[in-house]
Asks: 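Got a structure for you, questions after.
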Amino acid sequence: MGGLGRPYLYLLGSIFYSNYQIKGVAARGISLVGAMAIIEGTVERITFRNEDNFYTVFKLLASTGDLHTCVGNLPRIVVGEELKLFGEWTKHEQYGLQFNTETAIPCTPTTTLGIERYLGSGLIKGIGPSTAKKLVEKFGLKTLDIISNEPHRLTEVEGIGEKKGEIIAKAFLEQKDIQDVMVFLQGNGITPTYAVKIFKVYGKESVQIVQENPYRLADDIFGIGFKTADTIAKNIGFKEDDPHRIRAGIRYALGQAIEQGHTYLPDEELIKTASELLGVDVKKDFLAELGKAKQLIIEEDRCYLPSLYEAECNVAQRLKELTRYVPSLPFDLSIESEFKLAPEQEQAVKAAMQEKVLVITGGPGTGKTTITKVVLTMWEKAGFKILLGSPTGRAAKRLAEATGRPAKTIHRLLEYGFGNGGMSFQRNEDNRLKGDALVLDEFSMVDIRLMDSLLKATDDKMRLLFIGDCDQLPAVGPGNVLKDLIASNRIPVVRLTKVYRQAEQSQIVMNAHRINQGYFPEINNQGDFVFMERKEPKEIATLILDLVSSRLPSHIEKRFNLSDPLDAIQVLTPMRRSETGVDNLNRLLQARLNPAGKKNEIQLGYRLLREGDKVMQIRNNYQKDVYNGDIGRITRIDPEERLLEVLYNDENGDRLVNYEEEEIDELTLAYAISVHKSQGSEYPIVVMPVTTQHYMLLQRNLLYTGITRAKKLVILIGTKKALFLCIKNNKTSARYSYLANRLQEE
DNA sequence: GACTTTTT
């Protein structure tokens with residue numbers, strides 16, 4: 001049974017026992033013993049159904065006359081259908097005795113009533129309840145035989161002409177096709193959900209297509225990747241060195257590289273990773289072959305997926321086009337004096353007046369916001385219509401607050417939405433953005449694809465101002481856009497180095513700079529930068545708990561004049577899993593800081609939320625005006641109504657936001673959050689583990705981003721070795737990208 | 001040693 005996934009079989013409107021079905025049932029017979037039970041009956045009522053995952057709660061009227069509550073993931077179910085269910089009885093806390101269905105096989109209806117209900121269920125196009133009634137009145141128990149074997153006799157029924165008879169017979173046969181396909185697919189390790197998706201795309205050719213080249217599934221079916229396709233291929237007897245497998249594997253390897261941030265891979269490296277991945281020696285000829293088939297773009301030794309090659313070339317070409325046109329505005333000294341600019345900042349504003357495309361980069365506290373405000377004021381004075389955007393919802397909100405002007409996410413700016421048969425940007429080369437200038441903040445988070453979309457939608461005459469911190473974490477998506485623009489030396493750049501916001505003697509700032517330059521931070525634990533040595537992950541977690549629950553809070557009021565420790569202290573950690581990861585720390589911190597008691601709670605899946613919990617919104621919600629990364633406190637949970645209320649505190653003061661049950665998955669515990677999530681936010685005090693447990697994520701810019709989130713105090717806990725590894729690992733800047741070179745090409 | 005995550 002290996003590789004078959006869940007022992008799960010469901011036949012769509014099965015009437016015929018085809019070969020596939022017999023094989024399928026026989027194969028599963030082994031597992032239908034022991035704890036498994038079998039019940040049979042008619043579907044009486046569907047109580048609940050989720051069309052996304054086919055989770056269904058229904059009542060089954062058994063032949064004994066009992067009415068059973070049954071649950072399970074059934075891709076297709078209709079009232080009146082007779083089903084044989086394989087599964088086990090379970091006891092649900094709230095709903096009592098239930099039959100948990102693993103496998104459901106529709107039975108051929110055995111009574112005239114069953115046949116009538118089955119045919120009239122809507123399962124077969126062209127037959128409704130009244131036609132079903134007439135058919136059964138005429139043919140009785142033989143109705144189904146006649147539809148499939150003697151369809152011409154259907155005209156004997158009053159009201160059914162030749163045409164309608166044909167439609168009915170055809171729809172009935174289609175059901176049989178679906179059934180065959182479903183049985184074949186499910187028999188080869190494909191879950192019912194995907195079997196339905198596959199059938200929707202390939203129709204009755206599904207079996208043939210999958211048998212010929214299961215790797216096509218990875219291209220054609222959303223949600224099926226190389227791994228699943230490979231499992232299916234194995235099941236139906238594909239060899240490890242099958243050319244289909246190798247070609248698909250090469251593209252998968254390239255896809256993996258893209259997930260790591262590369263825009264291309266050099267051919268040698270692609271061959272090496274593909275060979276390792278497939279467990280087969282991949283010959284270089286395959287690359288050339290894929291190149292010929294346009295499934296790969298090969299430029300010298302660089303191998304690209306076509307979409308990324310286009311994106312990278314277009315970004316370079318578009319930037320060259322846009323910079324060709326050079327406008328100039330006078331630099332207005334009267335505004336400058338209002339804002340009191342330092343020389344470096346003045347230079348940045350001047351550049352923004354003169355350049356068509358400009359990059360301003362600098363760390364926290366170097367005055368990026370001030371500069372932005374001055375530039376906006378001056379541009380507005382010149383009568384410019386200005387667009388403001390950020391890669392994330394939260395950053396857009398902050399930009400709007402900081403500048404007092406509307407700002408949107410880049411996605412909203414480009415009107416991401418349904419069109420052209422799918423989700424896409426409605427602002428594009430055919431429908432460009434209107435305006436004189438576009439200002440983008442947190443530009444380090446923009447990847448090559450988004451940059452491509454953005455430049456396509458940018459009007460030729462529009463000025464572009466990109467603002468970001470090139471030492472922060474790179475974009476999640478592929479490319480190194482900000483760093484490449486800077487490295488190319490073809491785009492005007494202003495680098496802000498002087499820190500104005502934090503006191504010069506701040507060790508946070510000083511050490512952030514040291515780390516950036518690859519030096520070990522100065523640690524004397526006298527100032528605002530503290531390192532506490534702990535080796536074992538357990539010790540680290542314990543120390544974090546102690547610090548956050550008792551040791552720090554007693555200091556907070558005296559030293560920092562902060563009242564609420566929960567607001568003031570933020571635990572940051574590089575990853576989700578592991579003992580010192582987000583999930584575990586949240587569990588521990590919730591138990592310590594907000595233990596169970598008289599407070600109301602709500603349990604959703606594995607997540608437990610309690611009144612008083614510190615939570616974070618993890619999706620933009622424009623109706624509620626809360627954004628991915630916003631942190632608040634649960635003030636009330638109504639377990640009866642399954643409602644929840646969160647208090648957010650932002651520039652506009654306190655604000656209560658209500659969540660209904662189905663919206664609660666937009667929230668997660670936020671006692672500890674990932675460093676990635678913290679990007680763009682600042683906290684008075686940051687506590688962060690630095691341990692070799694997080695080996696893969698010990699990166700310089702991750703450490704840099706983490707510590708620069710702290711305004712007053714940062715406490716690192718872990719080993720000097722881990723800290724050292726972090727600082728030495730500058731690999732993220734070594735993403736394969738050719739954008740800088742393309743910008744330099746004439 | 002295998003990890004982070006944006007957008008609608």
Side-chain angles (χ1 to χ4, degrees), chain A residues 222 227 253 256-262 273 276-277 389-398 407-428 440-454 457 468 472-479 481-482 537 572-584 616-624 626-630 666 668 672-681 688-706 709 721-722 725-726 729 731-732 735:
Chain A
F222 185 82
K227 286 263 162 80
Q256 296 281 93
I258 289 165
E259 231 159 68
Q260 283 162 32
H262 303 294
T273 46
E276 279 166 14
L277 189 101
S390 283
T392 68
R394 194 176 151 70
K397 191 187 175 194
R398 265 202 328 275
K408 292 178 178 176
T409 63
I410 296 175
H411 280 74
R412 274 170 89 86
L413 219 49
L414 300 183
E415 295 167 26
Y416 186 70
F418 196 81
N420 290 326
M423 294 300 279
S424 59
F425 292 110
Q426 306 308 301
R427 291 287 180 175
N428 50 39
L440 289 185
D441 194 21
E442 296 289 354
F443 189 65
S444 58
M445 296 193 235
V446 173
D447 66 30
I448 192 76
R449 291 194 184 105
L450 190 58
M451 185 65 171
D452 179 31
S453 304
L454 186 83
Q472 279 203 29
L473 295 166
V476 170
V481 179
L482 177 56
L572 300 181
T573 176
M575 58 192 269
R576 307 203 65 82
R577 278 177 289 182
S578 96
E579 213 161 347
T580 52
V582 174
D583 295 337
N584 191 48
M616 177 168 62
Q617 170 82 17
I618 52 167
R619 271 204 295 277
N620 293 339
N621 189 323
Y622 292 92
Q623 277 97 45
K624 293 192 196 301
V626 284
Y627 302 90
N628 194 349
D630 284 354
E666 292 182 7
T668 164
I673 67 172
S674 70
V675 178
H676 274 83
K677 277 272 184 206
S678 76
Q679 192 158 225
S681 300
M688 184 165 132
V690 185
T691 153
T692 42
Q693 226 190 350
H694 302 148
Y695 185 82
M696 282 316 290
L697 284 166
L698 290 179
Q699 295 163 9
R700 187 189 295 176
N701 42 14
L702 198 115
L703 180 66
Y704 171 85
T705 303
R709 298 309 95 202
K721 184 186 167 199
L725 287 171
C726 245
N729 181 0
K731 259 188 199 151
T732 40
R735 291 179 167 199

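In what follows, chains carry the letters A, B, and so on, assigned in the order in which the sequence lines appear, proteins first and then strands, with residues in each chain numbered from 1. Only this structure's heavy atoms are used, side chains among them; waters, hydrogens and symmetry mates stay out.
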Asks: Output the rounded distance in Å from CG (Leu703(A)) to P (dC3(B)).
Replies: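 Rounded to whole Å, this separation is 20 Å.
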
Asks: Compare every heavy atom of Pro474(A) with every heavy atom of Asn701(A), then report the nearest pair and how far apart it is.
Replies: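 Looks like ND2-CD, 3.5 Å.
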
Asks: Can you tell me which nucleotide in dC3(B), dT6(B), dT8(B) comes closest to the side chain of Asn620(A)?
Replies: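 When the side chain of Asn620(A) is considered, dT8(B) is the closest of dC3(B), dT6(B), dT8(B).
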
Asks: Whole-Å distance between dT6(B) P and Ile673(A) CD1?
Replies: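 The answer, rounded to whole Å, is 11 Å.
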
Asks: Considering only heavy atoms from C-beta outward, does the side chain of Val675(A) approach that of Thr573(A) to under 4.5 Å?
Replies: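 Side-chain contact under 4.5 Å: no.
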
Asks: Taking the side chain of Leu697(A) as its heavy atoms from C-beta onward, which of dA2(B), dT4(B), dT6(B) lies nearest to it?
Replies: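 Side chain of Leu697(A) sits closest to dT4(B).
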
Asks: Please report the distance, rounded to the nearest Å, between CG in Asn729(A) and P in dC3(B).
Replies: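 One finds 16 Å between P of dC3(B) and CG of Asn729(A), rounded.
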
Asks: Could you tell me the separation between the CZ atom of Arg576(A) and the C1' atom of dC3(B), rounded to a whole number of Å?
Replies: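 My rounded result for the distance is 12 Å.
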
Asks: In whole Å, what is the span from the CD atom of Gln679(A) to the P atom of dT7(B)?
Replies: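 The answer, rounded to whole Å, is 12 Å.
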
Asks: Of the listed nucleotides (dT7(B), dT4(B), dG1(B)), which one gets closest to any side-chain atom of Tyr695(A)?
Replies: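 When the side chain of Tyr695(A) is considered, dG1(B) is the closest of dT7(B), dT4(B), dG1(B).
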
Asks: If I take atom CE in residue Met451(A) and atom P in nucleotide dT7(B), what distance separates them, rounded to the nearest angstrom?
Replies: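 Spelled out: CE on Met451(A) to P on dT7(B) is 19 Å.
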
Asks: Is the NZ or CZ atom of Arg427(A) positioned over Tyr416(A)'s six-membered ring, under 6.0 angstrom from the centre and within 45° of the axis?
Replies: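 So Arg427(A) doesn't make the cation-pi contact.
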
Asks: Considering only dT8(B), dT7(B), dC3(B), which nucleotide approaches the side chain of Met423(A) most closely?
Replies: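 Of dT8(B), dT7(B), dC3(B), dT8(B) is nearest to the side chain of Met423(A).
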
Asks: Report which part of the nucleic acid Met445(A) touches: base, sugar-phosphate, or nothing (heavy-atom distance under 4.0 Å, all strands).
Replies: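 Contact class for Met445(A): none.
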
Asks: On DNA chain B, compare the nucleotides closest to Gln260(A) and Ile618(A); which residue's is nearer the 5' end?
Replies: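 Taking each residue's closest nucleotide, the earlier one in sequence belongs to Gln260(A).
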
Asks: Give the nucleotide from the list dT8(B), dT7(B), dT4(B) with an atom nearest to the side chain of Tyr622(A).
Replies: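 Among the listed nucleotides, the one closest to the side chain of Tyr622(A) is dT8(B).
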
Asks: Tell me what Arg412(A) touches on the nucleic acid: a base, only sugar-phosphate, or nothing, going by heavy atoms under 4.0 Å.
Replies: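 Sugar-phosphate contact only.
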
Asks: Got a sec: does the NZ of Lys408(A) have more than 12 other heavy atoms crowding it under 6.0 Å?
Replies: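 At most 12 heavy atoms, drawn from other residues, nucleotides or ligands, come within 6.0 Å of this atom.
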
Asks: From CD of Gln256(A) over to C1' of dT4(B), roughly how many Å is that when rounded to an integer?
Replies: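 Result: 14 Å.
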
Asks: May I have the distance from His694(A) (atom NE2) to dC3(B) (atom C1'), rounded to whole angstrom?
Replies: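 Nearest whole value for this atom pair: 10 Å.
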
Asks: Does Arg577(A) put a side-chain nitrogen or oxygen below 4.0 Å from OP1 or OP2 of dC3(B)?
Replies: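 Affirmative; the distance criterion is met.
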
Asks: I'd like to know if Lys397(A) and Asp630(A) make a salt bridge, using a cut-off of under 4.0 Å between side-chain N and carboxylate O.
Replies: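 Yes.
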
Asks: Taking only N and O in the side chain of Lys408(A), is any of them less than 4.0 Å away from OP1 or OP2 of dT7(B)?
Replies: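 Looking at the OP1 and OP2 atoms of dT7(B), neither is under 4.0 Å from any side-chain N or O of Lys408(A).
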
Asks: Between Thr409(A) and dT8(B), is there a contact of a side-chain N or O with OP1 or OP2 at under 4.0 Å?
Replies: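 Indeed, a polar side-chain atom of Thr409(A) lies that close.
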
